[in-house]
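Beneath this line is the structure, given in structure tokens, with notes to follow.
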Amino acid sequence: MGNLVWHDLARFISISASIYAVWSGFHGLFFRKFFWDFVGGTLRDPGGLQPAPGAAVFITLIVKSPIIQILAMIVGTFLVLLEYPLPYLKALSIHRSFVLRIVLLFFQAFLTVLYYQGTNSAIWSLIAIFCYTRAQLLGETMEEAKANRGKGGQA
């Protein structure tokens with residue numbers, strides 16, 4: 001039995017979470033719902049659950065104009081391109097950075113937890129953050145990116 005390669009597991013989870021974030025953002029454009037509207041909301045008989053007045057900012061950014069969904073789609077698309085890169089992007093140092101992936105996954109989790117369709121993506125993004133952090137702590141490196149370091153001026 002071999003050892004678990006944490007960054008490979010994190011990569012697969014991150015690809016799944018990011019594709020789901022793009023899909024949920026697209027779905028959230030048509031079916032807009034602020035996920036946390038039940039916190040502090042008022043239950044009225046003919047009106048149902050009405051969000052608290054403090055949630056007006058989120059209602060504006062998610063329901064009235066889908067800015068959060070569009071930002072989640074952009075971050076998710078960038079993460080998919082980072083995790084599953086084109087061959088000429090593998091030579092860049094941005095492809096080797098675990099810290100950049102952790103930060104982008106954190107932003108993706110923050111954005112997608114705000115609207116109803118993105119909660120699964122937020123959970124899987126947090127799991128990928130844990131796996132990348134574990135890989136960073138264990139000192140793992142990406143084997144396919146090792147050959148691209150330190151070319152010394154060769155293009």
Side-chain angles (χ1 to χ4, degrees), residues 1-40 54-55 57-63 65-155:
M1 295 295 282
N3 292 333
L4 177 63
V5 181
W6 284 95
H7 76 273
D8 278 341
L9 175 65
R11 179 177 172 261
F12 292 134
I13 293 172
S14 176
I15 288 172
S16 300
S18 299
I19 288 174
Y20 193 87
V22 172
W23 174 86
S24 69
F26 182 73
H27 196 260
L29 292 175
F30 298 105
F31 304 101
R32 301 176 189 171
K33 178 162 178 14
F34 173 52
F35 181 67
W36 302 99
D37 61 353
F38 58 86
V39 177
V57 173
F58 296 111
I59 299 298
T60 302
L61 293 176
I62 295 170
V63 178
S65 60
I67 295 171
I68 299 293
Q69 291 94 320
I70 292 170
L71 287 175
M73 289 172 62
I74 291 169
V75 171
T77 303
F78 185 73
L79 269 165
V80 168
L81 293 176
L82 185 64
E83 296 288 355
Y84 196 69
L86 296 171
Y88 61 87
L89 292 178
K90 285 186 178 183
L92 299 176
S93 63
I94 196 171
H95 179 66
R96 294 188 300 267
S97 176
F98 289 152
V99 176
L100 176 68
R101 294 170 196 230
I102 291 170
V103 170
L104 287 175
L105 282 166
F106 178 75
F107 283 129
Q108 177 174 297
F110 175 73
L111 289 172
T112 56
V113 79
L114 293 176
Y115 60 98
Y116 179 73
Q117 292 85 358
T119 53
N120 286 338
S121 174
I123 292 169
W124 286 108
S125 296
L126 291 175
I127 293 170
I129 288 170
F130 168 74
C131 293
Y132 271 130
T133 304
R134 180 79 176 145
Q136 185 81 19
L137 291 174
L138 291 175
E140 291 184 8
T141 57
M142 298 177 67
E143 292 299 324
E144 66 271 4
K146 266 186 176 178
N148 298 327
R149 279 194 301 209
K151 297 263 182 173
Q154 298 174 4

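None of the values given here were measured: they were computed from a predicted structure.
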**Q.** Approximate separation, where rounding is to 0.5 Å, of L82 CG and L100 CG
**A.** 6.0 Å

Q: Please collect all salt bridge (charged side-chain N to carboxylate O under 4.0 Å, His left out) contacts where either partner lies in residues 105-129, sequence neighbours excluded, each pair once.
A: none

Q: Could you pull out all residues at least two apart from Y20 that satisfy ring-ring contact (aromatic ring centres under 6.0 Å, His included)?
A: W23

Q: Enter the distance from S18:OG to L81:CG here, rounded to the nearest 0.5 Å.
A: 10.0 Å

(Q) I need the L105 CG to I127 CD1 distance, nearest 0.5 Å. (A) 11.5 Å

Q: Could I get the full list of side chain to side chain donor-acceptor pair (under 3.5 Å) partners for S125, not counting sequence neighbours?
A: Q108

Q.
Quick check against the 3.5 Å criterion: does S65 have a side-chain atom that pairs as donor or acceptor with the backbone of T60?
A. yes

**Q.** Contacts of L126 that satisfy side chain to side chain contact (heavy atoms under 4.5 Å, CB included) - sequence neighbours left out
**A.** A109, I129

Q.
Taking salt bridge (charged side-chain N to carboxylate O under 4.0 Å, His left out) as the cut-off, I'd like each qualifying pair that reaches into residues 19-35, sequence neighbours left out, listed once.
A. K33-D37

(Q) Suppose we screen for side chain to side chain contact (heavy atoms under 4.5 Å, CB included). Which residues come up paired with F12, at least two apart in sequence or across chains? (A) none

Q: List the atom of I13, the atom of W124, and the distance in Å for their closest heavy-atom pair.
A: CG2-O, 3.4 Å

(Q) Looking at every heavy atom in both M73 and L29, which two are closest together, and how far apart are they? (A) SD-CD1, 4.2 Å

Q: Mind jotting down which residue pairs meet the side-chain hydrogen bond (donor to acceptor under 3.5 Å, both in side chains) criterion with at least one end in residues 68-80? Sequence neighbours excluded, please.
A: none

Q) If you measure from SG on C131 to CG on L4, what distance do you get to the nearest 0.5 Å? A) 7.5 Å

Q: Could I get the full list of side chain to side chain donor-acceptor pair (under 3.5 Å) partners for S24, not counting sequence neighbours?
A: Y115

Q) Would you say Y116 has more than 12 foreign heavy atoms packed within less than 6.0 Å of its OH? A) no

Q. What are the two closest heavy atoms between H7 and A135, and how far apart are they?
A. N-CB, 3.7 Å

**Q.** Inter-residue atom distance I68.CD1 - F58.CZ, 0.5 Å rounding
**A.** 8.0 Å

Q | Of all pairs that satisfy side-chain hydrogen bond (donor to acceptor under 3.5 Å, both in side chains), the ones with a partner from residues 129-138, not counting sequence neighbours | A | E83-Y132, R101-Y132

Q: Quick one: which residue pairs count as a salt bridge (charged side-chain N to carboxylate O under 4.0 Å, His left out) with a foot in residues 12-26, not counting sequence neighbours?
A: none

Q | Residues that F26 engages under ring-ring contact (aromatic ring centres under 6.0 Å, His included), provided they are two or more places apart | A | F30

Q) Among all residues two or more places apart in sequence or in another chain, which pass the side chain to side chain contact (heavy atoms under 4.5 Å, CB included) test with F78? A) I94, L104

Q: With rounding to the nearest 0.5 Å, note down the distance linking OG1 in T112 to CZ in F107.
A: 13.0 Å

